[in-house]
2 protein chains.
Amino acid sequence: MNNYVEILKSSGLKATLQRLTILELIDRDGHIKIDELYKKMNTTHPTLSLATIYKNILTMIDKSVVSEVPIMGDKSYFELKKRDHIHLICESCNSIEDRVMSSIDMELLKQSNQFILSHSQVNLYGTCSKCQS
Amino acid sequence: MNNYVEILKSSGLKATLQRLTILELIDRDGHIKIDELYKKMNTTHPTLSLATIYKNILTMIDKSVVSEVPIMGDKSYFELKKRDHIHLICESCNSIEDRVMSSIDMELLKQSNQFILSHSQVNLYGTCSKCQS
DNA sequence: CTGACTGCAAACGTTTTGCACGGTA
DNA sequence: TACCGTGCAAAACGTTTGCAGTCAG
């Protein structure tokens, strides 16, 4: 848990019990939606409010502690900020698996039968050529 | 416009004026959000209701005529279903550019300076190994 | 002619906000 | 102690629903 304290402090955020709890739950699940987070939280910390979760998710995204994983036909999931990776999203059981792989390996994945690919969604965020000038 | 009539009919949907209007506006913009769609629609077809847009977007996604583009920190955009492509999303002007490229070319993009990459989001939808059995 | 589709208005669920209180640093 | 963060309740917002009327095939 000390780990999260460091992360928060170095991001200029206070290490409150609420934030530590949120981070621990996100980490345990890997990827979690707000309502799932709230339900799990309610069992151990019944007083922690939904508004606090929303406020903290926003501020922690802003500070790059957490990142949003928007999903087709579903609410966004949230995960701890980590190095670039791919999400393998199973449309049958709704599981989300992280995979660290190079672009070239993606072709291999398509050809292998470990994960039957239905469709892909690649979004690259950055600055377009117009906005660079 | 005849093109859309064909697409709708071959998907088992009736080619109503409302659907044709929605498809034309999506196509014209490339990627559009529901509220933008409604605003533009309102100028030319003031009686077309928001509920109709929502219902139609859902059914047309279901029939693979349209697809959803979920975006970090924003509402989903919608586009016509087309062959696999990458989205270059400018965080400055919020433009979305389509780019058809192989996985290997992605590496080239990162190295080039045409689009300064801030972060990427790759979601692959399909069936995981567990759910295949 | 019939089932699919539309428009309206109400209902619903999710997210945001304002404010008084509480806790971290 | 000062300020950031929390909890509550209300408000705002986006989306869905039910139903009566309409239209495409």
Side-chain angles (χ1 to χ4, degrees), chain A residues 1-25 32-63 65-66 68-78, chain B residues 1-25 32-63 65-66 68-78:
Chain A
M1 202 165 216
N2 249 308
N3 190 20
Y4 301 134
V5 174
E6 289 312 310
I7 293 172
L8 288 169
K9 286 190 181 172
S10 67
S11 303
L13 297 173
K14 290 191 177 178
T16 64
L17 175 63
Q18 289 85 340
R19 286 184 181 147
L20 295 172
T21 309
I22 291 171
L23 288 178
E24 205 181 340
L25 278 179
I32 196 167
K33 285 184 281 188
I34 299 282
D35 58 339
E36 295 170 349
L37 191 53
Y38 182 57
K39 267 179 216 151
K40 297 203 175 182
M41 201 94 74
N42 238 349
T43 67
T44 52
H45 301 76
T47 61
L48 206 161
S49 77
L50 195 47
T52 298
I53 295 180
Y54 276 107
K55 286 171 188 167
N56 278 324
I57 290 287
L58 283 184
T59 58
M60 291 194 293
I61 283 176
D62 200 54
K63 300 293 185 183
V65 175
V66 163
E68 182 187 355
V69 185
I71 299 285
M72 286 169 56
D74 202 349
K75 306 272 168 215
S76 283
Y77 284 72
F78 298 91
Chain B
M1 204 165 217
N2 250 308
N3 190 21
Y4 301 133
V5 174
E6 289 312 310
I7 293 172
L8 288 170
K9 287 191 179 171
S10 67
S11 304
L13 297 174
K14 292 193 175 176
T16 64
L17 174 62
Q18 289 84 341
R19 285 184 182 147
L20 295 172
T21 309
I22 291 171
L23 288 178
E24 205 181 339
L25 278 179
I32 195 167
K33 284 184 281 188
I34 298 282
D35 58 339
E36 295 169 349
L37 191 52
Y38 183 58
K39 267 180 217 150
K40 297 203 176 182
M41 201 93 76
N42 238 349
T43 67
T44 53
H45 300 75
T47 62
L48 206 160
S49 77
L50 195 49
T52 298
I53 295 180
Y54 277 107
K55 286 171 187 167
N56 278 323
I57 289 288
L58 283 185
T59 59
M60 293 194 292
I61 284 176
D62 200 54
K63 299 294 185 184
V65 175
V66 163
E68 182 187 356
V69 184
I71 299 286
M72 287 169 55
D74 202 349
K75 305 275 165 213
S76 283
Y77 283 72
F78 298 92

*asked:* Nearest heavy atom decides the nucleotide; on that basis, is A:Asn56 or B:Tyr54 closer to the 5' end of DNA chain D?
replied: A:Asn56
*At under 4.0 Å, does any side-chain N or O of A:Gln18 touch on OP1 or OP2 of C:dG23?*
no
*Whole Å only: how far is the CD atom of B:Glu68 from the P atom of D:dG14?*
16 Å
_Gap between atoms CG and P, on B:Asp62 and C:dC5 respectively (whole Å)_ = 12 Å
*Go through the steps for A:Arg19 and A:Tyr4 under the test side-chain contact (heavy atoms from CB on, under 4.5 Å), then give the verdict.*
CA-CA 9 Å; A:Arg19 286 184 181 147; A:Tyr4 301 134; over 6 Å; no
*A:Glu6 has an atom CD; how far is it from atom P of C:dA25, in whole Å?*
11 Å
*asked:* Each nucleotide in nucleotides 18-25 of chain D should get exactly one letter: B, S or -. Can you fill that in based on protein heavy atoms under 4.0 Å?
replied: B-----BS
_Please list, in numerical order, the residues of residues 33-48 of chain B that have a heavy atom closer than 4.0 Å to any atom of DNA chain C._
B:Thr47, B:Leu48
_Rounded interatomic separation in angstrom, taking CG from B:Leu20 and P from C:dC5_ = 13 Å
*Figure out the NZ/C1' separation between B:Lys75 and D:dG14, and round it to whole Å.*
6 Å
*Quick check: are there more than 12 heavy atoms from other residues, nucleotides or ligands sitting under 6.0 Å from NZ of A:Lys33?*
yes
*Do you know the tightest heavy-atom contact between A:Val65 and A:Ile7?*
CG1-CG2, 3.8 Å
_Using every non-hydrogen atom in the two residues, find where B:Glu68 and B:Ser76 come nearest and quote the distance to one decimal._
OE2-OG, 2.6 Å
_Please evaluate residues B:Met60 and B:Ile22 with respect to the criterion side-chain contact (heavy atoms from CB on, under 4.5 Å), reporting the C-alpha separation (whole Å), side-chain torsions for both, the decisive distance (0.1 Å), and the verdict._
CA-CA 10 Å; B:Met60 293 194 292; B:Ile22 291 171; 3.8 Å; yes
*Given side chains that start at C-beta, do those of B:Leu23 and B:Val66 come closer than 4.5 Å, heavy atoms only?*
yes
*Check the distance between C:dA4's P and B:Leu58's CG and give it to me in whole angstrom.*
18 Å
*side-chain N/O A:Thr52 vs D:dG7 OP1/OP2, d < 4.0 Å*: yes
*Report the distance from atom CG of A:Leu50 to atom C1' of C:dT14, rounded to the nearest whole Å.*
8 Å
_Closest non-hydrogen atom pair, A:Leu8 against A:Ala15_ = CD1-CA, 3.9 Å
Kindly list each side-chain donor-acceptor pair under 3.5 angstrom involving residues 43-50 of chain A, sequence neighbours excluded, with atom names and distances?
residue: A:Thr43; atom: OG1; partner: A:Lys40; partner atom: O; Å: 2.8
residue: A:Thr44; atom: OG1; partner: A:Met41; partner atom: O; Å: 3.4
residue: A:Ser49; atom: OG; partner: A:Thr52; partner atom: N; Å: 3.2
residue: A:Ser49; atom: OG; partner: A:Thr52; partner atom: OG1; Å: 2.9

*Please state how far atom CE in A:Met60 lies from atom P in D:dT6, giving the value in whole angstrom units.*
9 Å
